[in-house]
S.K.: 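Got a structure for you, questions after.
Atoms within a ligand are numbered from 1 in the order they appear, just like the ligands themselves. Just so it is clear, the values below take in all heavy atoms, side chains as well, and ignore hydrogens, waters and symmetry mates.
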Amino acid sequence: SESGCLSIIVLGASGDLAKKKTFPALFHLFQQGFLQSGEVHIFGYARSNLSDDGLRERIRGYLKGASDEHLSQFLQLVKYVSGSYDSGEGFELLNKAISEYETSKNNESGSYRRLFYLALPPSVYPSVCKMIRSYCMNPSSHTGWTRVIVEKPFGKDLDSAEELSAELGQLFEEEQLYRIDHYLGKELVQNLLVLRFANRLFLPLWNRDNIANVQIVFKEDFGTDGRGGYFDQYGIIRDIIQNHLLQVFCLVAMEKPVSLKPEHIRDEKVKVLQSVEPIKHEEVVIGQYDGYKDDPTVPDDSNTPTYASVVLRVHNERWEGVPFILKAGKALNSRKAEIRVQFKDAPGDIFRCKKQGRNEFVIRLQPSEAMYMKLTVKKPGLEMATEQSELDLSYGLRYNDVKIPEAYERLILDTIRGDQQHFVRRDELRAAWEIFTPLLHDIDGGKLKSVPYKPGTRGPQEADELNKRMGYVQTHGYIWVAPTLS
Ligand code: BG6
């Protein structure tokens with residue numbers, strides 16, 4: 001059922017997410033020949049009263065790197081339907097538009113495929129899904145499918161997330177629901193499985209006998225810029241850690257899946273999440289940058305963290321005693337996301353002259369995708385001295401002729417192909433909320449206070465102290481610099 005008429009319906013078509021992520025991703029897929037003109041139609045749906053051309057004008061500016069001809073070919077595939085998110089009329093119109101397009105196609109052999117992308121606030125998910133279910137499903141006389149992509153936040157805590165899951169679960173089968181976490185579409189996140197399970201080198205090292213601690217870090221060098229009102233209801237743990245960083249954590253910490261089948265992989269992710277111990281307050285630092293509350297939409301007494309460092313401990317044979325430090329912050333000194341695996345000291349060191357730096361294996365997710373292993377080497381020259389260096393696999397150099405696809409591009413293609421491997425399953429979501437809900441309730445209830453930090457810095461000093469307490473040893477005088485083509 002992977003050929004035939006394909007209708008992609010973007011709900012919330014005039015919103016930010018649709019303009020910045022969804023339409024550009026669809027356009028890239030079109031450019032690469034994955035969406036064929038004769039086969040695909042794209043419908044934008046939103047409340048604003050717009051014409052087809054009105055929508056096209058709105059998204060045109062976000063579609064970069066294209067010839068005019070290509071661009072107008074793509075835009076011709078885009079139609080607009082306006083309507084509300086909770087009344088039948090709009091969705092009836094939408095269904096009519098889709099059906100008209102479907103019947104205009106000579107589609108004898110193929111099937112009919114309808115992909116709904118909810119680029120909407122989750123508060124309207126239940127009503128929109130009800131409307132899709134009542135008015136817009138692929139008719140049962142057709143072969144093919146109806147699938148729905150939803151975006152986080154999926155609730156605010158365990159109970160609200162479960163409620164949302166139950167509501168959607170009454171309308172759609174789990175096989176029809178694609179919960180996007182765009183971190184799962186990033187090249188180096190997708191590489192984790194290969195790296196860990198296809199390399200003999202890593203297999204015997206990846207455990208508590210050799211690894212001292214693991215950090216999963218997300219930093220942004222800008223604040224909540226204009227999203228303060230939205231952000232203040234969620235905070236950095238719900239915005240980044242509970243989803244993006246926790247997904248990365250799963251792939252770093254989980255056991256080897258039985259096979260590459262999506263269900264086997266997701267079974268292992270659930271298992272490792274269920275092995276995480278309750279988070280201890282003394283292993284958490286939360287912070288808020290100075291100036292955050294200047295945003296008029298943020299309440300003056302907000303305790304919402306824009307920075308958090310949270311230690312997770314996995315209660316199993318592989319990881320007992322190894323802290324996983326998940327750290328995320330806005331308005332910091334740099335923008336990057338990386339995984340840093342620090343190994344224990346080499347025992348019986350004979351190079352006593354100077355304390356050796358520890359081996360670290362770093363996976364740089366963005367920017368400048370890279371993997372590098374920090375090593376101690378003989379300092380080149382006549383002296384017998386040691387220094388820190390690295391084995392470096394920088395993607396920009398090694399794969400300089402490959403264009404790394406955008407996360408959203410890949411994930412939309414997976415949805416069309418029916419591959420749920422890189423999407424969050426319902427029980428996985430539940431397990432993720434179980435880990436963070438008690439902590440989030442304590443923060444919301446003021447039992448933990450955000451400490452202030454200056455924008456443009458490393459964040460609260462308390463977080464560096466927490467790292468130290470967790471046994472992280474910083475190597476001074478060594479900085480990795482992304483190599484460039486000369
Ligand atoms: C989003 C968060 O999910 O991820 C944003 O809501 C954040 O706050 C963004 O800026 C980061 O994504 P990326 O791909 O730029 O790392």
Side-chain angles (χ1 to χ4, degrees), residues 12 15-22 24-25 28 62 64 117-123 125 149-156 161 178-192 215-249 251 286-289 292 295 297-298 302 304-308 326-340 363-370 395 403-412 422-424 429 432-433 436 440 455 459:
D16 240 31
L17 178 68
K19 282 189 298 201
K20 290 187 182 151
K21 301 289 183 189
T22 320
H28 287 148
Y62 293 90
K64 305 244 164 62
Y117 192 116
L118 271 57
L120 290 168
S123 54
Y125 286 178
I149 299 181
V150 285
E151 278 269 352
K152 71 152 224 279
F154 309 115
K156 289 196 72 180
Y178 287 70
R179 294 180 198 85
I180 268 200
D181 184 310
H182 79 282
Y183 267 60
L184 291 175
K186 293 190 187 272
E187 182 66 39
L188 265 67
V189 175
Q190 298 204 341
N191 189 41
L192 282 168
Q215 288 183 72
I216 302 174
V217 179
F218 168 95
K219 295 172 84 167
E220 263 176 358
D221 55 2
F222 49 91
T224 51
D225 301 350
R227 298 166 75 218
Y230 155 82
F231 187 88
D232 199 69
Q233 297 178 27
Y234 290 91
I236 197 80
I237 296 178
R238 293 183 179 94
D239 191 45
I240 304 285
I241 299 183
Q242 181 267 353
N243 34 65
H244 302 329
L245 298 194
L246 195 65
Q247 285 296 326
V248 173
F249 159 83
L251 295 166
I286 56 172
Q288 190 187 77
Y289 66 85
Y292 168 72
D295 184 326
T297 57
V298 173
S302 169
T304 302
T306 59
Y307 179 101
L326 274 52
K327 192 155 72 173
K330 299 217 170 239
L332 298 178
N333 57 346
S334 67
R335 178 184 165 250
K336 68 173 179 182
E338 67 182 22
I339 305 161
R340 188 170 289 266
I363 301 165
R364 156 85 74 138
L365 307 178
Q366 66 188 34
S368 313
E369 289 94 341
Y395 276 45
K403 199 192 145 295
I404 296 181
E406 280 285 322
Y408 279 95
E409 219 173 300
R410 228 191 276 263
L411 295 174
I412 292 174
H422 303 294
F423 293 83
V424 182
L429 181 65
W433 279 117
F436 286 100
L440 287 165

S.K.: Relative to the heavy atoms of R227, which atoms of ligand 1 are at a distance of less than 4.0 Å?
M.R.: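 So the atoms of ligand 1 that pass are 5 (C), 6 (O), 8 (O).
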S.K.: Checking K186 against Y183: charged group under 6.0 Å from the ring centre and within 45 degrees of the axis?
M.R.: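 Yes, K186 lies over the aromatic ring of Y183.
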S.K.: Only heavy atoms count here, so choose which of K219, Q366, E151, K336 is nearest to atom 15 (O) of ligand 1.
M.R.: Q366
S.K.: Side chains of D232 and T304: do they bring a donor and an acceptor to under 3.5 Å?
M.R.: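 Side chains of D232 and T304: pair found under 3.5 Å.
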S.K.: Please report the interatomic distance NZ(K330) to CD1(I240), rounded to the nearest 0.5 Å.
M.R.: 5.0 Å
S.K.: Flag the pair Y289 / Y292 as yes when their ring centroid distance falls below 6.0 Å, and as no otherwise.
M.R.: yes
S.K.: State whether D16 and R227 are salt-bridged, where the test is any N-O pair (Lys NZ or Arg NE/NH1/NH2 against Asp/Glu carboxylate O) under 4.0 Å.
M.R.: no
S.K.: State the atoms of ligand 1, each with its element, that fall below the 4.0 Å cut-off from a heavy-atom position in K186.
M.R.: 13 (P), 14 (O), 16 (O)
S.K.: Could you tell me which atoms of ligand 1, counted from 1 in the order shown, lie closer than 4.0 angstrom to a heavy atom of K152?
M.R.: 1 (C), 2 (C), 3 (O), 6 (O)
S.K.: Where is the nearest protein heavy atom to atom 8 (O) of ligand 1: which residue, which atom, and how far?
M.R.: D239 OD2, 2.6 Å
S.K.: How does F218 reach ligand 1, if at all, at less than 4.0 Å between non-hydrogen atoms: by side chain, backbone, both, or neither?
M.R.: side chain
S.K.: Hey, which atoms in ligand 1 end up nearer than 4.0 Å to a heavy atom of H182?
M.R.: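 Those atoms are 3 (O), 4 (O), 12 (O), 13 (P), 14 (O).
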S.K.: Can a cation-pi geometry be assigned to K156 and Y234, taking NZ or CZ under 6.0 Å from the six-membered ring centre and within 45° of the ring axis?
M.R.: yes
S.K.: Of all the atoms in ligand 1, which lie at a distance below 4.0 Å from a heavy atom belonging to E220?
M.R.: 7 (C), 10 (O), 11 (C)
S.K.: Does ligand 1 have an atom that lies less than 4.0 angstrom from a heavy atom of Y183?
M.R.: yes
S.K.: If I apply the N/O under 3.5 Å rule, does Y230 come out as touching ligand 1?
M.R.: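 In fact, backbone or side chain, Y230 has no N or O that close.
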S.K.: If I take atom CG from residue L411 and atom CD1 from residue I180, how far apart are they, to the nearest 0.5 angstrom?
M.R.: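 One gets 5.0 Å once the value is rounded to the nearest 0.5 Å.
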